[in-house]
Amino acid sequence: MGSDNRGLSKENFLGMKGMGSNAMTKTMAMVLLMFIGATIIGMGLLLKQDGERGDKTQFRTEVIKVGNGYGYQIFYGDRLLIQQECIPVLRGNVPFQRPEDATSVAGLVIEKIMEKQSPELSLEDIKALDVVILTP
């Protein structure tokens, strides 16, 4: 039995015995690029899923006192997105009469944003939430 020089060289390990050094370098670079690409895609998918799950928890509302009533603010994280000091869709600056009305309308606006809809509300939206409306 003679020695056949089939040790565990780089070329034998990668199944590239007989390939030139340049071809081996290109193949290794391609494998490395595919691995990096798959890693980036995988991380992107994970971050997207985390973002979709975490979006709702990133929103928060605060009821604010305005004149003789209430309004609301909607924050995303620490960033103020919306400050509404009166009931939307009503003429004039009519504030909410109850803090819970401001909270429920702000919640509807957040739902619309989460569903990638316009946060614009209609009079029907306001009435469906049983918001107390006092006209001046």
Side-chain angles (χ1 to χ4, degrees):
M1 288 198 189
S3 170
D4 123 333
N5 286 340
R6 289 191 182 202
L8 196 54
S9 70
K10 231 180 349 185
E11 292 84 7
N12 282 339
F13 179 74
L14 295 173
M16 298 180 198
K17 185 160 176 91
M19 293 180 75
S21 175
N22 193 23
M24 182 178 68
T25 302
K26 286 180 182 178
T27 302
M28 289 178 69
M30 184 64 81
V31 169
L32 181 61
L33 284 174
M34 287 174 28
F35 174 76
I36 291 170
T39 302
I40 290 171
I41 290 170
M43 289 178 64
L45 290 174
L46 285 174
L47 290 174
K48 181 179 182 214
Q49 289 173 351
D50 284 346
E52 288 173 353
R53 277 183 266 150
D55 277 350
K56 194 165 194 172
T57 61
Q58 291 289 321
F59 285 104
R60 68 181 170 84
T61 61
E62 287 186 19
V63 174
I64 56 174
K65 184 76 174 138
V66 284
N68 59 349
Y70 301 92
Y72 62 83
Q73 294 176 321
I74 297 176
F75 293 86
Y76 184 77
D78 291 332
R79 197 171 115 206
L80 176 64
L81 293 180
I82 298 172
Q83 179 162 322
Q84 186 68 42
E85 296 181 357
C86 57
I87 301 174
V89 308
L90 294 184
R91 293 178 193 245
N93 291 325
V94 179
F96 293 96
Q97 296 303 302
R98 303 179 306 177
E100 54 270 17
D101 289 341
T103 301
S104 63
V105 171
L108 178 58
V109 171
I110 290 171
E111 284 180 36
K112 286 183 168 233
I113 292 170
M114 295 290 297
E115 293 172 2
K116 296 182 175 29
Q117 297 176 3
S118 168
E120 187 176 357
L121 300 175
S122 68
L123 187 56
E124 291 77 28
D125 291 330
I126 300 296
K127 287 180 179 179
L129 294 172
D130 293 324
V131 173
V132 173
I133 300 173
L134 299 178
T135 54

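- Scanning all heavy atoms of the two residues, the minimum distance from Val89 to Leu121 falls at CG1-O, 2.9 Å.
- Here the closest non-hydrogen pair linking Tyr76 and Gln58 is CE1-CB, 3.3 Å.
- Annotation: the span from Phe59 atom CZ to Glu111 atom CD amounts to 11.5 Å, rounded to 0.5 Å.
- Enclosure of atom CD in Glu120 is not indicated, since only 12 or fewer non-hydrogen atoms of other residues, nucleotides or ligands lie within 6.0 angstrom.
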May I have the step-by-step check of side-chain contact (heavy atoms from CB on, under 4.5 Å) for Ile87 and Val105, ending in yes or no?
CA-CA 9 Å; Ile87 301 174; Val105 171; over 6 Å; no

Give the C-alpha distance, both sets of side-chain angles, the deciding distance and a yes or no for side-chain contact (heavy atoms from CB on, under 4.5 Å) between Val63 and Phe96.
CA-CA 10 Å; Val63 174; Phe96 293 96; over 6 Å; no

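- Inter-residue side-chain proximity for Tyr72 and Val109 is flagged as met; some heavy-atom pair is nearer than 4.5 Å.
- Asp101 places a side-chain N or O within donor-acceptor distance of the main-chain N or O of Val132, the cut-off being under 3.5 Å.
- Interatomic distance, Asn68 CG to Gln97 CD, rounded to the nearest 0.5 Å: 6.5 Å.
- Contact detail for Ile126 and Pro88: the closest heavy-atom pair is CG1-O, 4.1 Å.
- Remark: Glu124 CD to Leu129 CG distance equals 12.0 Å, nearest 0.5 Å.
- To the nearest 0.5 Å, the span separating NZ on Lys127 from CD1 on Ile133 amounts to 7.0 Å.
- Across all non-hydrogen atoms, the minimal contact from Gly92 to Cys86 is O-SG, 4.4 Å.
- Val94 is connected to Leu108 through a chain of hydrophobic side-chain contacts under 4.5 Å among Ile, Leu, Val, Met, Phe, Trp and Tyr, so both are in one cluster.
- Taking CD of Glu100 as the start and CG of Asp130 as the end, the distance is 11.5 Å to the nearest 0.5 Å.
- Each of Thr61, Ile82, Leu81 was scored for a side chain to side chain contact (heavy atoms under 4.5 Å, CB included) with Ile110, with one residue passing: Thr61.
- When the shell of 6.0 Å around NZ of Lys65 is examined, it contains more than 12 heavy atoms from other residues, nucleotides or ligands.
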